[in-house]
Every structure is written in C-alpha cells, then in structure tokens.
Amino acid sequence: MPSTKYSLPAFLQDRCSDEVYQRWLGRKAKTHVKRDRARQNWTATPEEYKIAIHKAVVNSGGLDQYTGESLDWNLISTYDNEKSKQERRAYKRKFANLPTVDHVGDGTGPADFVICGWRTNDCKNDLSLAEFIEFCRAVLAHCDQTLLPRDFRL
C-alpha cells in the first residue's frame, strides 16, 4: 500500500516504484542518523530525517542540487557490491547520477538535506557549499592556465 506521508513525487512515477522509494528513504534516514549521532548529534531521529530527506527529494524535482543534471532514479537500490569489486571504476562510473543525500550543514544541527548525484557528492565530500564552489573555481582556473591536451580544454 503506497505511503501517504511520504508519497512518491510525481516526477518519480515512471522511474521507481513506491515500494523502492520507501525502502530507499528509510535506509537513507537510518544511515544519516547513525552518522550524525557519531558526530555527537544526539537529537537526530529517523522520523525527522525521513521528513527532511523526503522534502529534499520533492524540492529537487529530480535534479542534482549543484549541477542541475537529471538524476537517474532508476538506479536507487540497485548498487551491487560484488559487481563493484569486479568492475571497479567502470561500474562506479555507471552510478554517477545515482541520487544521494547531502547534508546542507555539518550534520550536528537540525536535519537539512539536498539531493545530488553520487559523483557530485563524492567530489563535494565534507566541504561546505562555499568551499566546494571555491574548489571548483580553483580547478577551472588551473586548467585554463596549464598546458593540458587540447581535448581537455573547456
């Protein structure tokens, strides 16, 4: 029976089932609560996190918060650790636009998240938005100043 509290957003209707979405939402909330409690956030609760993550999904419209790229919601709950071990980088590359949950803050305050692709989240890591943007600018400035092969020029 579909959840009404965390109803599948309209943009996901043809991309994943309600059952898959609910399971993903619960797992993401549980994982982030565990991580944030390890960061001494004793007020973090699975219910609060489910609400905040669902809100972030709805607000995303299916797009990466930082790049505006379409996320591949068909990929949620499909990652296979064994295939990853076998195929390594080639396998991980297939999941670049897998939707992930990113903290807006450092995880020690109230639940606040955005949704972005795995590649983006991996690049951003624990940087604040300002730090991430500064880092991206530094990469671009360096690339424009170095003698990279022509194919890599922007």
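The figures here come from the full heavy-atom set of this structure, side chains too, leaving out hydrogens, waters and symmetry mates. Start at 1 with the first residue, then count along the sequence.
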Heavy atoms of D126 and E131 approach each other most closely as O-OE1, 4.4 Å

query = Can you check salt bridge (charged side-chain N to carboxylate O under 4.0 Å, His left out) on K85 and E82, steps first, answer last?
reply = CA-CA 5 Å; K85 287 177 187 175; E82 288 305 312; 3.6 Å; yes

Between I76 and C16 the two heavy atoms that sit nearest each other are CD1-SG, 4.0 Å

Closest non-hydrogen contact found for E48 with A111 is OE2-N, 3.4 Å

Please check this pair: side chain of Q13 against backbone of L8, looking for a donor-acceptor N/O pair closer than 3.5 Å. yes

Residues joined to L63 in its hydrophobic cluster, side chain to side chain under 4.5 Å directly or through other members, sorted by chain and number, are none

Heavy-atom nearest pair, A44 first then V33, reads O-CG1, 3.8 Å

Q) Just wondering, do V101 and Y49 contact through their side chains at under 4.5 Å, heavy atoms? A) no

In short, P99 meets W73 closest at the heavy-atom pair CG-CD2, 3.4 Å

Using a 4.5 Å side-chain heavy-atom cut-off and chaining through intermediate ILVMFWY residues, the residues clustered with F135 come out as Y66, V104, V114, L127, L129, F132, I133, V139

Please indicate whether E134 has more than 12 foreign heavy atoms, meaning atoms of other residues, nucleotides or ligands, lying under 6.0 Å from its CD. no

Residues passing the side-chain contact (heavy atoms from CB on, under 4.5 Å) test with T43, sequence neighbours excluded, are N41

Inset, instruction - Dump the intermediate steps for side-chain contact (heavy atoms from CB on, under 4.5 Å) on C116 and K124, then the final yes or no. - result: CA-CA 10 Å; C116 62; K124 183 177 174 285; over 6 Å; no

Any side-chain heavy-atom pair of K5 and K50 under 4.5 Å
no

When rounded to the nearest 0.5 Å, the distance separating OG of S60 from CD of Q65 is 8.5 Å

Practice item. Measure the shortest side-chain to side-chain distance between K94 and K83 over non-hydrogen atoms and say whether it is less than 4.5 angstrom. Key: no

Donor-acceptor pair, distance only, cut-off 3.5 Å: does the side chain of D72 make one with the backbone of F95? no

* Asked: Is there a side-chain contact (heavy atoms from CB on, under 4.5 Å) between L25 and H54 once you walk through the steps?
  -> CA-CA 7 Å; L25 183 61; H54 178 68; 4.1 Å; yes

(message) Please determine whether residues L98 and Y91 belong to a single hydrophobic cluster, defined as Ile, Leu, Val, Met, Phe, Trp and Tyr linked transitively by side-chain heavy-atom distances below 4.5 Å.
(response) yes

Pairwise side-chain contact, H32 with F113, heavy-atom cut-off 4.5 Å (strictly under) | yes

Before we go on, tell me: are the rings of Y21 and Y6 under 6.0 Å apart, centre to centre?
no

In terms of heavy-atom contacts, N74 and D14 come closest through OD1-O, 4.4 Å

Any side-chain heavy atom of R89 within less than 4.5 Å of one from R93? yes

| request: Return yes if a side-chain donor-acceptor contact under 3.5 Å exists between T67 and R119, otherwise no. | output: no

*Might you work through the side-chain contact (heavy atoms from CB on, under 4.5 Å) test for F11 and V57, ending with a clear yes or no?*
CA-CA 10 Å; F11 67 86; V57 170; 3.9 Å; yes

Pairwise side-chain contact, I53 with W24, heavy-atom cut-off 4.5 Å (strictly under): yes

Checking D122, D64, N121, T120 against T100 for side chain to side chain donor-acceptor pair (under 3.5 Å), the one that qualifies is N121

